[in-house]
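Some notes on the structure that comes next.
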Amino acid sequence: MFGWFRTLLVPVLVTLCCTSAFGHTIITRLSDGQTVSLTQLAAAAAASQVVLVGESHDEPYHHDLQLTLLRLLDGARRPIAIGLEMMQSDCQKTLDDWVEGTLGEPEMQQAFERNWTGWQMYRDIFLFAREKRIPMVALNVPLAIVRKVSRDGFAALTPEERKGLPPGTSCDLTNPQIAFLRKSFGAVAHHMQNRKRFDFFCEAQTVRNSGMALNIIHYRDKEPGRTVVVLTGTWHAVKYAIPEQLQRLGGVPAPTVILPETPYLNSVNTGASEADYLVEL
């Protein structure tokens, strides 16, 4: 009897805790402009095979939102995995050892910082995954490949380097993301003197999007019963980035995209073509 009561009570307590922490958050469902609750957002996530939760990497509230959603999904007994832009795909064993409890935090932090920066921003998510034995999936393309494409273009990759990447990856100049990429690239003036270099920069971004999409599909093939919750930067999470690559590769139905409001993606300029839900924190 007590076991049954605990099974019922835990999701309720998780929901109360998480919703109170984001009591002033406005969540907009972009398909119809309706405001929804955090619980409704979690329910939509639970019904999806893949969920992308965008972030500005140095914004603590964005990581709080990610952790809250993970807690709600786990509290509802939804089998999930956590996909990470922050870890390169050749570091998967490190994540496996961490989740299994055979790798200590100092070692995990060192491995993380070889891939990314800002361990403290992600620490609670990593601890939660280990506590709950939630698989973590290293999604990003190895940095050496991204750097080579940025410098010399996708065509410069060897057949060995192209393993694990979709064929024919190129910069799609009709993609709405291009305008933002041009603005970012143009911040360094001398780059604009060489058009070819921008194409390489764009190809490198596409390599990351398509490579992460392929890694998501590979994981889903192995674990079809789990929802993969992908934590990544907003410009990879937006629908014409990783989600578009997922659709091109034909791996999963359209994923659910959840974006926190930022100066570049907000209630003024973001609609259903960019995301499914916009969260004003």
Atom pair OG (S210) and CD (Q205), whose distance is rounded to the nearest 0.5 Å: 11.0 Å
Full working for side chain to side chain contact (heavy atoms under 4.5 Å, CB included) between V257 and Y277: CA-CA 6 Å; V257 176; Y277 296 88; over 6 Å; no
Where P142 and S89 come nearest, the two heavy atoms and their spacing: CD-OG, 3.6 Å
Residues D74, R78; criterion salt bridge (Lys or Arg N to Asp or Glu O under 4.0 Å); working and verdict: CA-CA 6 Å; D74 180 72; R78 174 63 186 172; over 6 Å; no
Which atom of T234 lies closest to which atom of G54, heavy atoms considered: CG2-C, 4.0 Å
Nearest heavy atoms of A44 and T256, plus distance in Å: O-OG1, 4.1 Å
Interatomic distance, T35 atom OG1 to Q40 atom CD [nearest 0.5 angstrom]: 10.0 Å
Worked check of side chain to side chain contact (heavy atoms under 4.5 Å, CB included) between R130 and M108: CA-CA 11 Å; R130 184 169 66 171; M108 183 66 250; over 6 Å; no
M86 with L143, same ILVMFWY side-chain cluster at under 4.5 Å: no
Residue pair Y122, Q66: steps toward the side chain to side chain donor-acceptor pair (under 3.5 Å) verdict: CA-CA 10 Å; Y122 299 89; Q66 292 168 339; over 6 Å; no
Step-by-step side chain to side chain contact (heavy atoms under 4.5 Å, CB included) determination, N140 to N115: CA-CA 9 Å; N140 215 339; N115 286 261; over 6 Å; no
Side-chain touch W98/E107, heavy atoms, less than 4.5 angstrom: no
Close side-chain approach of T232 and L84, heavy atoms under 4.5 Å: no
Full working for side chain to side chain contact (heavy atoms under 4.5 Å, CB included) between L231 and I82: CA-CA 7 Å; L231 311 184; I82 303 171; 3.9 Å; yes
Ring centre gap for F112 and F126 strictly below 6.0 Å: yes
Note, L246 side chain near P255 side chain (heavy atom, < 4.5 Å): yes
Check: S48 main-chain N/O paired with T227 side-chain donor or acceptor under 3.5 Å: yes
Atom pair CD1 (I27) and CG (L278), whose distance is rounded to the nearest 0.5 Å: 10.0 Å
Test item: K239 and S273 side chains (from C-beta on) under 4.5 Å apart, heavy atoms: no
Sidechain-backbone polar pair: D97 side chain, T94 backbone, donor-acceptor under 3.5 Å: no
Donor-acceptor contact below 3.5 Å, side chain D64 vs main chain L67: no
Ion pair check, R123 and E105, cut-off under 4.0 Å: yes
Donor-acceptor pair, side chain of E274 and main chain of G271, under 3.5 angstrom: yes
Pairwise side-chain contact, L214 with L165, heavy-atom cut-off 4.5 Å (strictly under): no
Any donor-acceptor N or O pair under 3.5 Å, side chains Q92, D96: yes
Close side-chain approach of V279 to E261, heavy-atom, < 4.5 Å: no
Whether R29 side chain and G33 backbone form a donor-acceptor pair below 3.5 Å: no
Residue pair A129 / V99: nearest heavy atoms and the distance that separates them: O-CG1, 4.3 Å
Check: P60 and M121 side chains under 4.5 Å, non-hydrogen atoms: yes
Shortest non-hydrogen separation from M212 to I242 and the atoms involved: CE-CD1, 3.8 Å
Separation between CG of N215 and CD of Q88, rounded to the nearest 0.5 Å: 11.5 Å
Distance in Å, L281 CG paired with T25 OG1, rounded so as to fall on 0.5 Å steps: 5.0 Å
R197 (side chain) donor-acceptor with D152 (main chain) under 3.5 angstrom: no
Verdict with supporting geometry, E113 and Q109, side chain to side chain donor-acceptor pair (under 3.5 Å): CA-CA 6 Å; E113 291 176 349; Q109 182 175 350; 3.1 Å; yes
Test item: S56 side-chain N/O and D58 main-chain N/O as donor-acceptor pair under 3.5 Å: no
Beyond-backbone contact of V137 with V230, side-chain heavy atoms, under 4.5 angstrom: no
N269 side chain to Y264 backbone, donor-acceptor under 3.5 Å: yes
Distance-only polar pair, side chains of H57 and E59, donor-acceptor under 3.5 Å: no
NZ/NE/NH1/NH2 to OD/OE distance under 4.0 Å, E161 and K148: yes
Spacing of L52 atom CG and I216 atom CD1 [to the nearest 0.5 Å]: 5.5 Å
Non-hydrogen atoms of Q247 and P253 that approach each other most closely: NE2-C, 3.5 Å
